[in-house]
Structures are given as structure tokens and as C-alpha cells.
Amino acid sequence: MKVQTASGAIDVDRLGATLMHEHLVIAFEGWASDVNASATDPKALVARCVERVEELKAEGFTSLLDPCPIDLGRDVELYAEVAARTGFNILFATGLYHEHFAAPYWRFKLGIEPDGAKYVAEMYVRELSRGVGSSGLKPAVIKLAVGADPSSAFERTLVEAAAIASNETSTPILTHTEGVHGDTMLARLGELGVPAHRVIVGHCCNSTDRAYHARIVDSGAYIGFDRFGMTAIQSDENRTDCLQALLEAGRAESVIVSHDCVFCQKGAMLAPAKLTRDPRHFSRDIAPILRARGVPQSTLDSIFRDNPRRYFCDEAPGLRNPGKCGNP
Ligand SMILES: [Zn+2]
């Protein structure tokens with residue numbers, strides 16, 4: 001079974017310990033019009049990313065997925081260069097960002113397009129089957145971003161587009177949520193034919209609603225505890241307690257742990273403190289707390305090593321089904 005990276009397709013067994021939601025670079029649409037900040041040096045961005053990736057290698061990681069939407073500054077050239085210089089596996093996404101941060105182009109385009117979902121799905125399928133631009137490099141996942149309003153026409157279109165493209169190419173979906181409505185979105189994807197195990201419901205750790213967490217894992221999806229260190233939204237104490245509850249309920253196979261760090265930006269929208277969050281935070285600061293509470297290190301290792309593999313192998317968490325790879 002192969003998985004796509006910024007260095008081409010690799011065997012899924014080569015992924016190893018993988019962070020499933022970190023960003024090398026982001027750029028909010030319009031960044032280039034900030035002339036106070038537009039002297040963004042591409043070489044400096046690469047150097048910063050290489051430095052961060054080398055730190056992750058020293059920590060034992062071998063892969064990361066940057067699920068940046070196309071319109072949030074996805075930069076496949078940069079991923080390829082950083083991957084080439086570090087030997088690290090960098091996976092990336094196709095997909096558009098949610099309505100709140102959508103570019104005017106897409107608000108307008110999806111407003112006039114008679115079948116917006118079909119149009120957007122065609123774009124995703126093009127990238128998944130032929131690669132991005134002339135790079136030949138293919139996305140590993142479809143990013144599906146939904147905001148706080150599940151009834152928004154814009155976002156219903158994005159859900160449908162992701163489902164069409166996922167069904168056509170068997171590509172898994174990784175979602176951005178605001179820590180709410182992940183269950184509603186999952187149900188809609190299910191109606192559209194996407195099996196739950198093909199979906200990571202992202203940012204569920206924004207919420208401390210354990211019944212919500214249970215609904216996500218009971219449905220058979222992967223649950224994203226992928227914002228460790230983002231304490232402006234939720235405390236790490238709460239995140240850690242909720243994660244422990246899932247592990248104690250025997251749900252370790254459903255959990256995806258990451259940080260949603262941003263290594264660098266184009267323009268100057270994010271405060272400098274947001275760019276210094278450390279993608280080694282879980283391993284260094286949270287893992288010892290969980291170990292002290294009796295969670296075996298082997299469980300934590302398995303979350304980073306086996307769960308991403310299982311997801312890319314089209315295997316449902318918690319079931320000993322062989323997916324596309326056979327059991328390890
Ligand atoms: Zn993110």
C-alpha cells in the first residue's frame with residue numbers, strides 16, 4: 001500500500017511516527033498586500049522549516065502531514081524542498097478552507113456555479129490523480145474545513161465535494177471543525193457514501209464534551225486531539241483529561257494526536273508567539289503526565305505509529321479488519 005508524499009509515493013510502512021496535523025507555512029489570502037510585511041524571504045521559510053523538522057527527527061518522528069487547504073497558502077514546492085533537505089516524509093492535502101476564511105474568489109464562484117460540489121470535486125480529483133500543477137506530486141488526503149454553521153450553503157458544498165472526490169479516489173478525509181458539529185458532518189458524509197473510518201474529525205479537543213467525543217469514536221471515525229499546546233482555545237489539562245478518558249475507554253486506536261503548529265507564515269498576520277509553539281510538546285510535556293497516570297508508553301507510541309498507518313490503509317479503528325494493508 002502506497003501513500004503520497006512531497007517526495008513521491010512511499011510504502012505506508014515507511015511512515016513511522018507521524019504527526020498528522022502541523023503546518024510548515026500558512027498564508028491568509030491577501031497577505032501579499034501587507035506591504036509592511038511582504039519581504040517574506042522564501043529561503044528563510046525553508047530554513048525555518050528544516051530547523052523544525054530536524055528537531056522532530058531528533059525526537060523520533062519520521063513523517064508529518066500538513067493539511068493546509070489550497071487557499072491557505074499550501075506550498076507544495078516548499079514541502080518538496082524541505083523533504084529533500086531533511087529526508088523527512090511530508091504529506092499534504094487538497095481541499096478548500098471553510099467559509100469564514102474563504103477567499104472572495106470562492107464565495108463568488110460557488111455562488112454562481114450551478115453545481116459547485118461537482119466543480120470543486122473535479123478539482124480535488126485532478127490533483128489526487130495527476131498531481132498539483134506540473135509538480136506531479138499528489139496530496140495524501142482531502143482537507144474538509146467546516147466552521148460553526150453546518151447549515152451554510154458554502155460548507156454544505158465543500159462537504160459534498162469532499163465526499164464525491166473521496167468516493168471516486170478512495171482518498172481519506174481530514175477535517176477542520178470548530179470543536180462542534182463534527183458528528184453532524186460525519187453523518188452527512190455517511191449519507192454521501194463515505195465510511196466513517198475514512199475520516200479524521202479534527203480539533204475535537206477544542207471541546208470538553210465527552211459525550212460528543214464518544215459519538216465521534218462510536219461512529220467509527222478517527223478523533224483529532226490535534227491541538228495540544230493551543231491553550232487560548234482549551235487548556236491542555238482538559239485536553240489531557242479527555243484524552244485519558246478515551247484511552248481508558250479502550251479507544252486508543254481511534255485517536256490522532258498532533259499540535260496544529262505553524263512553523264512560519266507569509267505576511268505578518270499571526271502573533272510571533274503562535275509561531276514558536278513546539279511540535280514536540282506532546283512527547284515532551286504531555287506524555288510524561290499520562291505515563292505517570294498509568295498509560296503505557298507503548299500505547300502512546302502506537303498512537304503516532306499505528307493509527308496514521310491504519311487510517312491510510314483504510315482500516316477501521318478498533319476492528320481487526322485487514323483494510324488494504326493486512327494486519328501488521
Ligand atoms: Zn491546521
Side-chain angles (χ1 to χ4, degrees), residues 5-6 18-29 31 45 48-49 52-53 56 61 63-76 78-79 82 89-103 106 124 139-148 155 158-159 162 171-182 185 199-207 216 221-234 236 239 255-267 269-282 304 307-308 311:
T5 80
T18 304
L19 287 166
M20 291 290 281
H21 197 134
E22 312 294 342
H23 299 283
L24 275 69
V25 64
I26 64 167
F28 283 89
E29 291 279 331
W31 72 272
L45 300 184
R48 172 73 181 139
C49 292
R52 276 265 114 129
V53 166
L56 287 175
F61 290 99
S63 307
L64 74 77
L65 168 62
D66 180 341
C68 185
I70 305 171
D71 51 347
L72 187 60
R74 187 191 64 179
D75 190 339
V76 176
L78 177 131
Y79 308 154
V82 174
N89 302 314
I90 297 174
L91 289 66
F92 63 93
T94 188
L96 293 176
Y97 212 23
H98 61 81
E99 186 169 22
H100 182 64
F101 283 127
W106 286 112
Y124 296 173
V141 300
I142 298 164
K143 174 71 173 279
L144 168 59
V146 291
E155 291 178 15
L158 294 189
V159 172
T171 304
I173 295 173
L174 182 149
T175 74
H176 165 103
T177 69
E178 297 294 321
V180 287
H181 305 310
M185 178 201 56
V199 183
I200 295 171
V201 181
H203 305 338
C204 290
C205 60
N206 285 9
S207 163
I216 304 285
Y222 291 87
I223 185 164
F225 270 60
D226 47 12
R227 281 185 152 175
F228 273 94
M230 202 183 274
T231 49
I233 289 178
Q234 187 56 258
D236 272 353
R239 276 195 186 97
V255 176
I256 296 291
V257 169
S258 210
H259 308 83
D260 204 1
C261 284
V262 177
F263 300 171
C264 46
Q265 66 178 325
K266 293 177 186 170
M269 194 175 127
L270 298 179
K274 295 213 166 155
L275 302 169
T276 53
R277 288 177 52 231
D278 192 335
R280 298 168 296 180
H281 172 54
F282 186 88
F304 290 111
N307 294 2
Y311 167 72

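Numbers for residues simply follow the sequence, beginning at 1. Just so you know, these numbers use all the heavy atoms, side chains as well, and skip hydrogens, waters and symmetry mates. First listed ligand is number 1; within each ligand, the first listed atom is number 1.
- The aromatic rings of Phe101 and His98 are tilted relative to each other, their planes meeting at an angle between 30° and 60°.
- A heavy-atom distance below 4.5 Å is found between the side chains of Asp66 and Tyr79.
- Put simply, the residue from Leu65, Ile200, Leu174, Val257 that forms a side-chain contact (heavy atoms from CB on, under 4.5 Å) with His21 is Leu174.
- Around the Zn ion (ligand 1), protein N, O or S atoms at less than 2.8 Å comprise His21 NE2, His23 NE2, Asp260 OD1.
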Exercise for the section: Show your reasoning for whether side-chain hydrogen bond (donor to acceptor under 3.5 Å, both in side chains) applies to Asp278 and His259. Expected result: CA-CA 8 Å; Asp278 192 335; His259 308 83; over 6 Å; no

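- A heavy-atom distance below 4.5 Å is found between the side chains of Lys143 and His176.
- Evaluation of the ring-ring contact (aromatic ring centres under 6.0 Å, His included) rule for Phe228 yields Phe282 as partners, not counting sequence neighbours.
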